[in-house]
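Counting convention: from 1, in listed order, for ligands and their atoms alike. All figures in this text were calculated on a predicted structure; none of them were measured in a lab.
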Amino acid sequence: MNLGAIWTTVLEQWAAFTADTTALLTYSLVAAFALGLIVAERIVPYRRQGFFREQLGSDFLFYTVLQNLGLAYLFALVNDWLKAESFLANVNVLADAPVWAVVVGSLVVHDFYIYWFHRWQHYNRYLWRLHEAHHSTVDMDWLSGSRSHALEIWINQFIEFGVLVLLGAPSAAIIIKGGISALWGMWIHTNLDVRTGKLQYVINGPEMHRWHHADYDEEAYNVNFATKFAFWDWMFGSAYLPREKRLKHFGIESEVRYPKHWASQLFYLFRPFGKDKGAPAPEDKTP
Ligand SMILES: [Zn+2]
Ligand SMILES: [Zn+2]
């Protein structure tokens with residue numbers, strides 16, 4: 001196959017993918033939700049910070065477009081190829097399942113798994129290396145959730161979506177699940193001063209997840225591991241929700257001076273252990 005033919009195949013696949021009504025509706029909803037959050041963060045912010053906060057461009061171009069979307073697309077091509085060309089073509093246990101059942105079932109099962117995997121990442125020094133890029137952001141907003149090391153994204157995308165593809169799940173279910181994950185990722189990281197009351201025991205949101213990103217506040221270390229459903233944290237004793245306290249610093253600067261550029265962040269994973277040095281505690285500013 002020459003380069004021209006490969007390019008034509010990629011374009012055809014892309015056209016078929018975006019022409020799909022479910023995909024178009026899902027992506028439109030995700031884009032509208034992002035716009036809504038961007039506007040709402042200007043009106044009721046938790047912390048005062050500019051829209052163009054530090055590393056916004058890198059989070060958008062490198063992490064969101066290149067890594068999350070680019071890897072997801074490559075991943076879809078590899079999965080399609082595996083499904084067509086390997087023994088997996090005959091594995092279709094989810095092919096006849098209703099779309100809603102696959103979406104709901106995979107949401108709950110995957111969320112339970114990712115709660116424990118995420119918790120393990122915080123206690124195992126090798127797995128923490130995969131995860132620290134996500135914690136390196138010092139300003140939380142609608143886009144902060146996109147920052148994760150490429151290797152972590154690759155592992156997580158395989159577990160969350162690759163398994164569904166390989167089990168023959170309907171593509172509409174996979175697209176909807178992807179849309180829900182994108183919405184929830186934006187929601188839990190948003191810089192909105194919302195109060196959701198008792199919903200915080202069920203639906204994970206910014207009120208709890210921002211504490212998961214706290215720095216220079218040891219009370220808040222290693223808490224709130226949940227992604228979509230907050231009840232895992234309440235069930236397994238890792239919930240932290242101080243109602244009156246305000247969070248001041250996000251990140252991992254107390255532990256390590258993390259590089260600012262995406263490419264450096266990509267390779268920083270492979271540094272030797274034991275030589276990290278953090279920055280001194282910053283002067284507290286009223287948020
Ligand atoms: Zn974490
Ligand atoms: Zn996060």
Side-chain angles (χ1 to χ4, degrees), residues 30 33-34 37 41 46-47 49 53-56 58-60 62-64 67-68 110-157 159-160 180-192 194 196 200 203-230 232-234 236-241 247-256 258 262 265 268-269 276 278:
V30 170
F33 190 72
L37 282 186
E41 282 182 354
Y46 179 79
R47 246 174 38 142
Q49 61 190 43
R53 46 89 176 161
E54 194 175 301
Q55 298 180 61
L56 180 94
S58 159
D59 282 355
F60 182 71
F62 295 116
Y63 280 106
T64 305
Q67 280 198 192
N68 287 10
H110 174 262
D111 210 51
F112 177 73
Y113 154 80
I114 202 73
Y115 169 85
W116 285 106
F117 183 67
H118 183 196
R119 194 165 163 159
W120 191 22
Q121 286 186 300
H122 277 254
Y123 289 97
N124 176 291
R125 66 177 187 158
Y126 298 102
L127 293 178
W128 172 249
R129 278 286 166 93
L130 285 180
H131 187 49
E132 63 185 350
H134 180 68
H135 279 268
S136 68
T137 183
V138 292
D139 299 296
M140 297 273 282
D141 66 8
W142 64 285
L143 197 59
S144 302
S146 66
R147 191 187 302 184
S148 287
H149 195 276
L151 212 53
E152 183 178 32
I153 298 251
W154 193 79
I155 293 168
N156 284 346
Q157 284 193 351
I159 301 283
E160 188 170 8
I180 292 172
S181 289
L183 290 181
W184 231 305
M186 287 189 276
W187 173 243
I188 65 175
H189 294 95
T190 187
N191 181 38
L192 265 190
V194 282
T196 57
Q200 269 307 287
I203 305 284
N204 197 27
E207 292 149 280
M208 281 178 81
H209 192 68
R210 68 169 58 102
W211 287 103
H212 180 70
H213 282 263
D215 199 8
Y216 299 105
D217 185 347
E218 290 186 16
E219 257 184 51
Y221 287 174
N222 297 330
V223 296
N224 300 351
F225 298 106
T227 300
K228 295 188 177 74
F229 300 116
W232 306 126
D233 279 309
W234 296 104
F236 300 119
S238 51
Y240 181 72
L241 185 58
L247 205 164
K248 292 182 180 138
H249 307 288
F250 298 109
I252 48 172
E253 287 188 350
S254 58
E255 296 168 38
V256 48
Y258 207 70
W262 167 77
Q265 293 173 355
Y268 205 54
L269 178 91
D276 292 335

field: Single hit among Arg53, Arg147, Arg47, Arg210 for salt bridge (Lys or Arg N to Asp or Glu O under 4.0 Å) with Asp139
entry: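 Among Arg53, Arg147, Arg47, Arg210, the one that satisfies the salt bridge (Lys or Arg N to Asp or Glu O under 4.0 Å) with Asp139 is Arg47.
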query: Do you see an N/O/S atom of His209, backbone or side chain, under 2.8 Å from the Zn ion (ligand 2)?
result: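 Yes, His209 qualifies, because one of its backbone or side-chain N, O or S atoms lies under 2.8 Å.
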message: Is His135 close enough to the Zn ion (ligand 2) that one of its N, O or S atoms comes in under 2.8 Å?
response: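 Coordinating: no.
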message: Assess the residue pair Trp128 and His135 against the criterion (ring-ring contact (aromatic ring centres under 6.0 Å, His included)); give the C-alpha distance rounded to whole Å, side-chain angles, the decisive distance to 0.1 Å, and a yes or no.
response: CA-CA 10 Å; Trp128 172 249; His135 279 268; 5.3 Å; yes
- prompt: With a cut-off of 2.8 Å, does His212 place any N/O/S atom under that distance from the Zn ion (ligand 1)?
  reply: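 So His212 counts as coordinating the Zn ion (ligand 1), yes.
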message: Within rounding of 10°, what is the angle whose vertex is the Zn ion (ligand 2) and whose arms end at NE2 of His134 and NE2 of His213?
response: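 About 100°, to the nearest ten degrees.
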Sole residue of His118, His212, His189 in side-chain hydrogen bond (donor to acceptor under 3.5 Å, both in side chains) with His134: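 When His118, His212, His189 are each tested with His134, the side-chain hydrogen bond (donor to acceptor under 3.5 Å, both in side chains) holds only for His189.
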task: Calculate, to the nearest 0.5 Å, the distance between atoms CD and NE2 belonging to Gln67 and His149 respectively.
output: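 Here the interatomic distance stands at 7.5 Å.
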- request: Evaluate the ring planes of Phe117 and Trp120, with Trp represented by its six-membered ring, and classify them as parallel (under 30°), tilted (30 to 60°) or perpendicular (over 60°).
  value: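 Answer is perpendicular, since the angle exceeds 60°.
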query: Given NE2 of His118 on one side and NE2 of His122 on the other, what angle do they make at the Zn ion (ligand 1), to 10°?
result: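 Angle NE2(His118)-the Zn ion (ligand 1)-NE2(His122): 100°, rounded to 10°.
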